[in-house]
Amino acid sequence: MHLTFLGAAGTVTGSKYLLECAGKRILLDCGLFQGFKQLRLRNWSGLPFSPADLDAVVLSHAHLDHSGYLPALVRDGFRGCIYASPASCALAGILLPDSGYLQEEEAEYANRRGFSKHSPALPLYTREDAEKALEYFSPLPFHSRTTILPGVEVTLRPAGHILGASSVEIVADGVTLVGSGDLGRQHDPVMKPPEFVRHADYLLLESTYGNREHPQQAPEDLLAEVINRTVARHGITVIPSFAVERAQELMYYLYRLKRAGKIPHQLPVYLNSPMASDVTELYHQFRDSHRLSDEDCMGMCQVAQIVRTVDESKRLNELREPAVIIAASGMATGGRVLHHLKAFAPNPRNTLLFSGFQAGGTRGALIVAGAKTVRIHGQEVPINAEVVAMEHLSAHADSNEIMQWLSGFAAPPRHTYIVHGEPDAADALRRRISVEKHWPVSVAEQAERVTLD
Ligand SMILES: [Zn+2]
């Protein structure tokens, strides 16, 4: 078995691992690079193999940094199956077409406003490409050991994190490779904890928070503090949010805070993301994947007014009374939240509440780091609003929780490759595993090819 790291090596985005085993080629995850421009440019440089020569894809979960390159893969000739858990298939059915739509919209916007250096600016892929890619999805239930190709068996296990997220076990050529996938938290209020894996010969381990522990303060309390402070200033709280999981978790907290009288009951909450509201529906459908009761699920769904049309979205920018606006994308790399940032970031009465990991090079990372202005749609926007970075709501295990997950292994893997982390985080986790567990471990490098036997 050979393994080549084609993404999420030395960075958190672009997850793509090529496996050559049993005479076949399998791609584990097929994500987009996001963040720094030099990373995003990698999305355009193609793959070091022809997609037509690939036999199958196995997807750990539907987040775009793991799935977002699939439409380009299928457009460029891939004709095999894309295996993923049923909830991941359903989520991808929402996320991928939206990603295609956003890319078309951005290219069109750039062309209209003439601020792209490329003329004409082209989308990486279209909504139609994404819809075609969906035809190749094949659901793989959790815990069912499935022969996906002659001599290649795959088992998915719940990894917490988001609906459908999986750790992936691939057995071929007598070798068991496990990809942790993105690992969720032990005590997340919405998602169940990641399931332990007992055995791996080789392990790919995510390290997003490999150098950090999440704060102990209850996220609900901080959320209430920030919102009440902003209401007292007569301001608007804008929350850039991932449409999947984070938006729902925020809504769940807001529902609980309102019910407990910890934030004003009348305070309007807007969910400005048709996609996030579609995702919220999936929480009803995949009850087994999360911890919410029917009542909580209903409460979560009803706490926010759903904003569907572009006109309604624009009208939110004219709000003058306190409100909470949740809008995608979570790292302010695109989507409707950009228009809200233009409208609300210049006013010190308002608050920008970042609710998740901000990859280096994104507008979110710049604002959290204290940038006085950021560039949006070719224009410098002053950031005078209060900025709060709330790491409490992470969907990722922190360093201690990753170590706890590793304690589930009955014996050390022959080698552990650290992936999906910025260099500091990946190296900190490497050191911790080496010092505390004495396991053979290294940080994977982009384009590195290793032999697993
Ligand atoms: Zn993820």
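Counting starts at 1 for both ligands and their atoms, following the listed order. Only heavy atoms go into these numbers, but all of them, side chains included; no hydrogens, no water, no symmetry mates.
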S.K.: Quick one: do Glu105 and Arg336 make a salt bridge, cutoff under 4.0 Å?
M.R.: no

S.K.: Does the pair His214 and His396 meet the rule for a ring pair (Phe, Tyr, Trp, His ring centres under 6.0 Å), with working shown?
M.R.: CA-CA 9 Å; His214 294 313; His396 285 271; 8.5 Å; no

S.K.: So, Asp65 and the Zn ion (ligand 1): N/O/S under 2.8 Å, yes or no?
M.R.: no

S.K.: Taking both backbone and side chain into account, is any N, O or S atom of His396 nearer than 2.8 Å to the Zn ion (ligand 1)?
M.R.: no

S.K.: Centroid-to-centroid, His66 to His161, below 6.0 Å?
M.R.: no

S.K.: With the Zn ion (ligand 1) at the centre, find the angle made by OD2 from Asp182 and ND1 from His63, to 10°.
M.R.: 170°

S.K.: Quickly, which of Arg414, Met1, Glu169 forms a side-chain contact (heavy atoms from CB on, under 4.5 Å) with Thr176? Name it, please.
M.R.: Glu169

S.K.: Would you give the angle at the Zn ion (ligand 1) between His61 atom NE2 and His161 atom NE2, to the nearest 10°?
M.R.: 100°

